[in-house]
Protein chains: 2
Amino acid sequence: MSTTPISRPRRSTYRHGDLRNALLEAGIALARNGGPDAVVLREATRQAGVVPNAAYRHFASREDLLLAVRAHALAQVARAMEVELDKLHPSVGALRYARDSVRAVGTGYLRYAHAEPGLFKTAFSSHERVEADPDPAKAGASGMNPFQLLAMALDRLAAAGGLPPERREGAEYLAWSAVHGLSLLICEGPMQGLPEPVRDVIGQRLLDMVEKGL
Amino acid sequence: MSTTPISRPRRSTYRHGDLRNALLEAGIALARNGGPDAVVLREATRQAGVVPNAAYRHFASREDLLLAVRAHALAQVARAMEVELDKLHPSVGALRYARDSVRAVGTGYLRYAHAEPGLFKTAFSSHERVEADPDPAKAGASGMNPFQLLAMALDRLAAAGGLPPERREGAEYLAWSAVHGLSLLICEGPMQGLPEPVRDVIGQRLLDMVEKGL
DNA sequence: TAAGAAATGTGTACACGGTACACATAAGCT
DNA sequence: AGCTTATGTGTACCGTGTACACATTTCTTA
């Protein structure tokens, strides 16, 4: 398959210079097309032009590299949400703005799942909890990670009277469940092949359901 | 680790007699604790007492074995739904019965995800579409697979007037998304450790949301 | 019923992946 | 200059999926 079966001396210096980063970038590229399982240590080192074991100077294990890729993916999800949130104007009124905020968070999530299915799956393939994780590597420009952005939107909704206080607790999990479930159906389930507009319609219907049912 | 490092002659006959089944059972056991990734061909053959390559007389590949395990898991999901459906009595009135049917389907799904997380993950780890799959190996006692049971419950709801006809189409995907998302949060996500009653409460709240929002 | 065909298990072998361990080389500090 | 530390290399081992040839048993069919 490869035109260069053996191509060790891809650089003159003994040191790589930026290996950790190169491995991370390679890992991200692998995850992008192929999802978490495609993140293969040896392949990342190949792309970086080093010997397999060199990776262990920067990552404790394959799992550790995957975690770094995952953090990057989570940050991108957060950024996708922020893009949608930034489209809104508070001037439409508190309640409307709050509802739109929840929708924006969901729309960003769904859009990212559709645009980057491999990275999306990687972001949520771990059992690690992101809810209260302060790691800025998993956050967007706002400093909040996807879960925190959702919580913020729901707080906004509760404050605006769009969500009775007694139903505020745990509402994250209800909204997250719905949107996450659809995202999976979209990026690896039966809704993979659907054209974008159709998916967007279903996505908005799902958000209608959440808004009405929350 | 193993007390019998090499234990080839676990039987006297050259033929195993029921190898396909033995491999399937082993695969199911592996999936039960460990999920899809734990379904390892060589381990299954070890448990069956045959040489690794013997598996290829019955399964084209590891993937093929996994598919068989998956069919079994899907059938169990269907059966879990049927258990919940069988608890209902149509005498409560058509609309109430229809609503309860949708809830029963969701409850069965959630219960199974909680009771058998490994098999649950295996059931839905494939990209294969189950919607119109007539394979009886994936169905419950009723002959319907999980998706078909959901569709039936939604039909019932629409017939009873609990779901406007214009919102019937695609409703499967909305309900499925919500329940599937929560199932994942329960069986491999942040809600793993929660005690059963708490999870049941959240599950019922989620079904409330679906019922109200559909 | 004997012989050939088909089914099923075995042995050997290879490539790929993760990773441990010892060694080499370079960079930084004293 | 010499020591320490960081980083890349070489060699090696084990586990996994799977191809290919061979052995053994069962089934078919003449």
Side-chain angles (χ1 to χ4, degrees), chain A residues 1-27 29-31 33-70 122 125-126, chain B residues 1-2 4-27 29-31 34-70 122 125-126:
Chain A
M1 296 292 178
S2 172
T3 45
T4 48
I6 296 164
S7 58
R8 182 71 31 246
R10 270 158 70 176
R11 69 184 191 288
S12 50
T13 54
Y14 186 81
R15 291 289 205 277
H16 178 285
D18 194 23
L19 184 51
R20 193 198 140 85
N21 226 285
L23 291 173
L24 181 53
E25 289 301 322
L30 290 170
N33 37 39
D37 291 352
V39 178
V40 162
L41 248 188
R42 288 178 104 110
E43 179 57 30
T45 59
R46 243 170 263 139
Q47 291 185 16
V50 294
V51 111
N53 282 351
Y56 290 90
R57 298 297 175 192
H58 302 276
F59 297 97
S61 63
R62 178 199 113 97
E63 193 59 29
D64 196 33
L65 170 60
L66 196 56
L67 244 55
V69 174
R70 176 173 176 261
T122 306
S125 66
S126 156
Chain B
M1 294 293 177
S2 172
T4 48
I6 295 163
S7 56
R8 180 73 31 249
R10 270 159 68 175
R11 68 185 191 287
S12 50
T13 54
Y14 186 81
R15 291 287 205 277
H16 178 286
D18 195 22
L19 184 52
R20 193 197 140 86
N21 226 284
L23 291 172
L24 180 54
E25 289 302 321
L30 289 170
D37 291 351
V39 178
V40 163
L41 249 189
R42 288 178 104 108
E43 178 58 29
T45 60
R46 242 170 264 139
Q47 290 185 16
V50 294
V51 111
N53 281 352
Y56 290 90
R57 298 297 174 190
H58 303 277
F59 298 97
S61 62
R62 178 199 112 96
E63 193 58 29
D64 196 33
L65 170 60
L66 197 55
L67 244 55
V69 174
R70 178 175 175 259
T122 306
S125 67
S126 157

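Below, read A as the first sequence line, B as the second, and so on, with proteins coming before strands; counting in each chain starts at 1.
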Show your reasoning for whether side-chain contact (heavy atoms from CB on, under 4.5 Å) applies to B:Y56 and B:L41.
CA-CA 9 Å; B:Y56 290 90; B:L41 249 189; 3.4 Å; yes
Can you find a heavy atom in the side chain of B:L65 that is under 4.5 Å from one in the side chain of B:R62?
no
Got a donor-acceptor pair under 3.5 Å from the side chain of A:R62 to the base of C:dG17?
no
Does B:R20 make a side-chain donor-acceptor contact with the base of C:dT8, cut-off 3.5 Å?
no
Look at the side chain of B:R57 against the base of C:dA7 and say whether a donor-acceptor pair falls under 3.5 Å; ignore hydrogens and angles.
no
Show the numbers, then the answer: is there a side-chain contact (heavy atoms from CB on, under 4.5 Å) between A:V50 and A:R11?
CA-CA 9 Å; A:V50 294; A:R11 69 184 191 288; 3.8 Å; yes
Nearest to the side chain of B:A54 - D:dG17, C:dG18, C:dT10?
C:dT10
Out of C:dG9, C:dT19, D:dG8, which nucleotide sits closest to the side chain of B:R11?
C:dG9
State whether B:R46 places a side-chain N or O below 4.0 Å from either non-bridging phosphate oxygen (OP1 or OP2) of D:dT16.
yes
Heavy-atom donor-acceptor pair, B:R15 side-chain to D:dT25 base, under 3.5 Å
yes
Heavy atoms under 4.0 Å, any strand shown: does B:T13 hit a base, just sugar-phosphate, or nothing?
nothing
Below 4.0 angstrom from OP1 or OP2 of D:dG8, is there any side-chain N or O of A:H58?
yes
Kindly say whether, by distance alone, the side chain of A:N53 makes a donor-acceptor pair under 3.5 Å with the base of D:dG10?
yes
Taking the minimum atom-to-atom distance to the side chain of B:V51, which one of C:dG11, D:dG17, D:dG8 wins?
C:dG11
Tell me: CG of B:L41 to P of D:dG17, nearest whole Å?
5 Å
For B:L30 and B:E43: C-alpha separation, side-chain torsions, deciding distance, then whether side-chain contact (heavy atoms from CB on, under 4.5 Å) applies.
CA-CA 9 Å; B:L30 289 170; B:E43 178 58 29; 3.7 Å; yes
Given the structure, check if the side chain of B:R42 and the base of D:dG15 hold any donor-acceptor pair shorter than 3.5 Å.
no
Would you say the base of C:dA24 and the side-chain of A:Y14 have a donor-acceptor pair closer than 3.5 Å?
yes
